[in-house]
Amino acid sequence: SIFAVIAYLKETGDLSILDEIAPYADDPQISDTIYHHLVKAIEYSYAQLGLYGIPKLLRADWNDAFQRLYKGRFAKGYTAGNLDKRLAESNAESVMVGCMLVKMAKDMLEITERSGRENLMFSERNSKYIDRLNEIIDTVSENINEHFWDEEGGYYKAGTDDDGNFYGTSQDTEGKIYLLPQAWAVISGVAEGARKQRCMEAVVRELFHNNGLVLLSPPYIDTEPPVGNLKYYLPFFKEHGSCFEHAAAMAITALFTAGFTEEAYKAMKANLPPAASRYYPSQYKTAPYVWPQVINGEEGEFGAGGDWLTGTAAWSNMYIQQYLLGIRPEYDGLRIDPNIPKTWEGFKIRRNFRGTTYEIDIENPYGASQGIGSVVITEIDGEKVNINIKGSVIPRELVKEKKAVKVEVVMKDPAQQGVNTEDELKTAEEFRQEMLQEGGVYPPGINVISITEKLKINMEAISNIAQGA
């Protein structure tokens with residue numbers, strides 16, 4: 001997975017892994033660098049564009065029940081004799097897959113430049129591969145926005161069926177809106193400006209039930225699903241419109257990303273096992289500290305199922321740390337960018353990052369949800385310092401090879417306008433010169449970051465999140 005590799009690279013700074021050799025899963029006799037594995041994954045998806053210029057659905061996207069042969073049941077019009085032929089001829093496309101391709105291409109563009117491959121040639125076009133990646137980003141983003149934006153509904157259509165007909169539209173009587181196309185449009189950056197705002201508003205308006213965010217609405221009762229076997233399940237069960245916790249976690253990430261802090265926090269609390277199990281405790285069907293795969297029923301009345309079977313825990317751990325608390329690893333350092341309820345007075349967190357323990361104390365005196373007013377390093381390895389950080393990223397070069405760093409953060413006053421928390425990250429030398437000119441303190445002996453530092457993750461559990469809830 002490209003996303004897994006990107007997460008590793010940002011956590012460790014170890015770009016050398018891209019040069020390591022690994023065999024292909026479908027043909028272990030052939031090996032290639034990790035980087036070229038990623039290239040082939042992107043090229044495979046980009047080679048499968050449909051009528052409207054976004055990736056085809058093929059057998060299914062995230063939703064397994066889109067498969068035309070699902071748990072022994074054939075979708076309408078499919079048989080054992082025509083399955084492969086019809087799949088090859090299908091024009092079904094997926095907005096979710098298109099958005100994921102855009103996100104992967106953006107990530108690949110950055111690591112291509114950072115790993116010194118900016119002049120790498122793409123042999124099929126005799127051009128630089130970074131130009132190819134920009135082509136993918138621009139082409140697929142433009143096609144999604146041109147063909148799949150539903151202006152009346154204020155959200156993205158889900159895709160097309162085998163015959164190229166749109167579904168997940170405001171004109172449909174059932175299956176009018178799907179959750180994951182909206183989530184990934186925001187996560188990928190395909191949705192910008194007003195569209196980002198509107199599609200998240202639609203998620204909150206149309207898909208937020210007592211049990212959390214449901215996959216689609218309304219379910220298919222009187223009509224046939226556009227593709228696959230969604231009706232294998234009853235309405236509001238499993239892939240047919242339940243609160244599927246894994247998908248909900250992706251959507252919560254999107255809500256935080258789009259600045260819908262209160263809505264994201266409310267959805268997060270609905271998803272947390274202790275809260276979810278309280279609604280229908282006799283039907284929760286798993287321990288109250290375990291995320292289930294799904295919570296079934298229009299309002300969760302049929303309880304949960306599928307414990308120990310879901311990617312929910314990993315996604316929830318990620319969005320709680322990186323988007324709610326806002327402590328996010330990046331290539332050049334550790335970003336501090338909370339999205340917290342206005343009622344929070346602050347919090348403290350300890351984060352181990354590339355061998356350094358960061359003790360971060362975040363104060364929220366103005367009742368803000370977002371935005372950083374100041375970031376100050378107050379102590380390095382027991383020595384008192386006073387280093388003001390511009391922006392919200394603590395440069396890794398600044399504290400490399402240090403064991404412990406204390407950081408004090410004050411969130412900005414919402415009344416202040418034009419405060420930019422996305423300042424360009426300066427190099428260690430630029431930062432040092434600026435600090436010296438301003439008469440600040442700068443720790444000596446800072447070396448250029450090593451890309452061979454190996455993974456060291458010892459992330460302290462967030463024990464007080466339930467109290468904050």
Open item on the list: One pair to check against side-chain contact (heavy atoms from CB on, under 4.5 Å): K348 and I360. What are the steps and the verdict?
Closed with: CA-CA 6 Å; K348 296 181 180 181; I360 304 171; over 6 Å; no
- [ ] Decide yes or no on side chain to side chain donor-acceptor pair (under 3.5 Å) for N352 and T357, but give the supporting numbers first.
- [x] CA-CA 4 Å; N352 283 6; T357 299; 2.8 Å; yes
TODO: Please step through side-chain contact (heavy atoms from CB on, under 4.5 Å) for the pair I42 and L133, ending with a clear verdict.
DONE: CA-CA 9 Å; I42 285 180; L133 290 168; 4.2 Å; yes
Open item on the list: Between E113 and I130, does the side-chain contact (heavy atoms from CB on, under 4.5 Å) criterion hold? Intermediate values first, please.
Closed with: CA-CA 8 Å; E113 294 171 337; I130 57 173; 4.2 Å; yes
Open item on the list: For a side-chain contact (heavy atoms from CB on, under 4.5 Å) check, start with the C-alpha distance between S369 and K342, then their side-chain angles and the critical distance, and finish with the verdict.
Closed with: CA-CA 5 Å; S369 287; K342 296 176 181 179; 3.1 Å; yes
- [ ] Determine, step by step, whether Y232 and H240 satisfy the ring-ring contact (aromatic ring centres under 6.0 Å, His included) criterion, reporting the C-alpha distance in whole Å, the side-chain angles of both residues, the deciding distance to 0.1 Å, and the verdict.
- [x] CA-CA 8 Å; Y232 182 89; H240 189 192; over 10 Å; no
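Side chains of M104 and M108 form no contact here, defined as non-hydrogen atoms less than 4.5 Å apart. By the 4.5 Å heavy-atom criterion applied to side chains, R198 and Y155 are not counted as neighbours. Between N271 and E245 there is a side-chain heavy-atom pair separated by less than 4.5 Å. Counting heavy atoms from C-beta on, the side chains of E239 and D64 come closer than 4.5 Å. L334 is listed as a side-chain neighbour of I327, based on a closest heavy-atom distance under 4.5 Å. Side-chain contact between L230 and N63 is present, with at least one heavy-atom pair separated by less than 4.5 Å. Residues W308 and V290 have side chains in contact (heavy-atom distance under 4.5 Å, counting atoms from C-beta outward). Put simply, the side chain of E379 does not reach to within 4.5 Å of the side chain of V405, judged on heavy atoms.
Looking at every heavy atom in both residues, A254 comes nearest to A183 through CB-O, 3.5 Å. Closest approach of Y331 and K10 over heavy atoms only: CE1-CE, 3.6 Å.
Side-chain contact annotation: E20 with T33, donor-acceptor N/O pair under 3.5 Å absent. Y156 and N145 share a donor-acceptor pair across their side chains, judged by distance under 3.5 Å alone. At a cut-off of 3.5 Å, with distance as the only test, a side-chain donor of Q293 or K238 sits close to an acceptor on the other residue. In summary, the side chains of D150 and S170 do present a donor paired with an acceptor at a separation below 3.5 Å, with no hydrogens or angles considered.
Listed for the T253 side chain is a donor-acceptor partner under 3.5 Å among the backbone atoms of A249. Using modelled atom types, one side-chain atom of N364 and one backbone atom of W344 make a donor-acceptor pair closer than 3.5 Å. Counting only distance, with no hydrogens or angles, the side chain of S242 and the backbone of V294 share no donor-acceptor pair below 3.5 Å. Here the side chain of E408 pairs no donor or acceptor atom with the backbone of I362 at under 3.5 angstrom.
Atom OH of Y24 has more than 12 neighbouring heavy atoms from other residues, nucleotides or ligands inside a 6.0 Å radius. Atom CZ of R114 is surrounded by more than 12 heavy atoms from other residues, nucleotides or ligands within 6.0 Å. Counting non-hydrogen atoms of neighbouring residues, nucleotides and ligands closer than 6.0 angstrom, the NZ atom of K106 exceeds 12 such neighbours.
Taken from SG in C99 to CG in D61, the straight-line distance is 11.0 Å, to the nearest 0.5 Å. The CG atom of L216 sits 8.0 Å away from atom CG of L207, with the distance rounded to the nearest 0.5 Å. Atoms CD and CZ, on E330 and R335 in that order, are 4.0 Å from each other to the nearest 0.5 Å. Annotation: the span from L18 atom CG to H36 atom NE2 amounts to 11.0 Å, rounded to 0.5 Å. If you take CG on L57 and OG1 on T160, they are separated by 8.0 Å, rounding to the nearest 0.5 Å. From H209, atom NE2 reaches atom CD1 of I295 across 13.0 Å, with rounding to the nearest 0.5 Å.
Among residues two or more places apart in sequence or in another chain, the side chain to side chain contact (heavy atoms under 4.5 Å, CB included) test is passed with K403 by D381.
The pair E110-K103 fails the salt-bridge criterion, with no side-chain N (NZ, NE, NH1 or NH2) lying under 4.0 Å from an Asp/Glu carboxylate O.
For the pair R328 and Y323, the cation-pi test (distance below 6.0 Å, angle within 45°) is passed. K266 forms a cation-pi arrangement with F208, by the criterion of a distance under 6.0 Å to the ring centre and an angle within 45° of the ring axis. In this structure, R117 satisfies the cation-pi test against Y35, with its NZ or CZ atom closer than 6.0 Å to the six-membered ring centre and inside 45 degrees of the ring normal.
Checking each of N339, T261, L213 against L255 for a side-chain contact (heavy atoms from CB on, under 4.5 Å) leaves exactly one that passes, namely L213. Partner P329 forms a side-chain contact (heavy atoms from CB on, under 4.5 Å) with one of R354, R351, Q321 and no other, that one being R351.
Using bins of under 30°, 30° to 60° and over 60° for the plane-to-plane angle, the ring pair W62/F244 lands in the perpendicular bin.
Within the structure, side chain to side chain donor-acceptor pair (under 3.5 Å) pairs that include any residue of residues 177-188 comprise Y178-Y220 (at least two apart or interchain).
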